[in-house]
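Shown next, in structure tokens, is the structure this report addresses.
We use all heavy atoms of the structure for the numbers below, so side chains are in, but hydrogens, waters and symmetry mates are not. Atoms within each ligand, like the ligands themselves, are counted from 1 in listed order. This structure is a prediction, so every number in the text was calculated from the model and none was measured.
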Amino acid sequence: MNILRIAVQKSGRLSESSLSLIKECGIDFNNGTGKLKSEATNFPAELLFLRDDDIPGYVADGVADVGIVGENVVVEKEQNVELVEKLGFSKCRLSLAVPRGQEYNGLQDLQNKDIATSYPKILGKFLQENGISARIHEISGSVEIAPSIGLAEAICDIVSSGSTLMSNGLREVEVVFRSEAVMIASPQMSDEKRAILQKLLFRIHSVQNAQKNKYILLNTPKEALGKIIEILPGMKSPTVLPLAIDGWCSVHSVIHEDDFWEIIENLKNAGAEGILVVPIEKMIR
Ligand code: PRP
Ligand code: ZN
């Protein structure tokens with residue numbers, strides 16, 4: 001059937017952002033709460049709500065065609081999936097942590113220790129690369145309590161805000177891996193499904209570009225126009241419109257969030273007035 005099955009996390013750190021990305025792509029679902037499957041009303045897609053740890057496996061088997069999941073899970077599961085692209089949200093790190101009071105002067109302190117984690121493969125590789133031999137204890141959840149119950153001297157788990165570590169009396173000491181949400185695809189997908197995925201990616205890129213850019217409008221005396229245009233990068237060249245007052249014009253353009261404040265400052269110094277910056281909803285390149 002030519003419908004793209006998209007696996008998303010059922011509940012957890014990625015759920016909300018995954019769903020809002022899909023919604024911003026203009027894809028609507030009539031999702032009743034608690035449902036594990038939901039078909040789109042205006043796009044050939046279906047959402048499958050799964051445990052994040054299961055997503056790479058389902059995508060590899062072709063049960064789901066694509067999935068939105070943390071790169072950490074993809075790397076750990078070592079399933080045969082294609083990495084389509086990084087999505088830029090739910091950024092986090094996989095880190096080693098020790099009890100707050102415990103002395104720590106470097107990785108050598110973990111030599112021959114017990115470390116609890118849900119990521120035995122990534123951790124094992126990291127320790128090996130650093131010449132540390134430790135006993136890795138794989139546990140699937142609530143890793144943070146392992147030291148306090150005497151199961152391990154250190155843990156290796158996902159840190160985002162750091163509040164879980166904090167409330168369990170732990171201190172982050174080494175970053176093992178940096179991660180964010182990614183889109184993965186099944187190697188078994190048909191050409192028809194790949195075509196739907198391309199449509200979805202086109203929309204995702206438009207949403208992402210829009211989020212990274214702002215629309216800017218300003219007024220400038222005609223003498224300063226040359227200088228102002230030089231400062232503005234824009235998609236092509238800025239739009240220049242005459243104002244009702246003689247000797248003034250209005251300039252419209254698009255600027256990237258990275259150099260936003262610098263550009264605004266330069267524009268002001270060049271003589272721009274009444275600068276307005278507005279969000280862009282979609283941006284098609
Ligand atoms: C991770 C980790 C912690 C939490 C850390 O779980 O296990 O519980 O996030 O976040 P914080 O630093 O903001 O407190 P994750 O959502 O990756 O997935 P899981 O529920 O599948 O373990
Ligand atoms: Zn999980």
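- The environment of Asp246 atom CG is sparse: at most 12 non-hydrogen atoms of other residues, nucleotides or ligands sit within 6.0 angstrom.
- When heavy-atom distances to ligand 1 are checked against 4.0 Å, the residues falling inside are Arg13, Asp52, Asp53, Glu144, Asp157, Ile158, Val159, Ser160, Ser161, Gly162, Ser163, Thr164, ordered by chain and number.
- Donor-acceptor pairing under 3.5 Å is lacking for the side chains of Gln211 and Glu257.
- Within a 6.0 Å radius of NZ in Lys113, more than 12 heavy atoms belonging to other residues, nucleotides or ligands are found.
- Taking distances strictly below 2.8 Å, the protein N/O/S atoms close to the Zn ion (ligand 2) are Asp52 OD1, Asp53 OD1.
- Comment: Glu174 does not engage Arg93 in a salt bridge, judged by the lack of any side-chain N to carboxylate O separation of less than 4.0 angstrom.
- Surrounding CD of Glu265 are at most 12 heavy atoms belonging to other residues, nucleotides or ligands under 6.0 Å away.
- Side chains of Ser95 and Glu172: a donor on one and an acceptor on the other come within 3.5 Å.
- We find that Arg5 and Asp65 are not joined by a salt bridge, their nearest charged nitrogen and carboxylate oxygen being 4.0 Å or further apart.
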Does Glu103 form a side chain to side chain donor-acceptor pair (under 3.5 Å) with Asn105? I'd like the steps, not just the answer. CA-CA 7 Å; Glu103 203 186 321; Asn105 299 306; 2.8 Å; yes

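- Within a 6.0 Å sphere centred on CZ of Phe43, heavy atoms belonging to other residues, nucleotides or ligands number more than 12.
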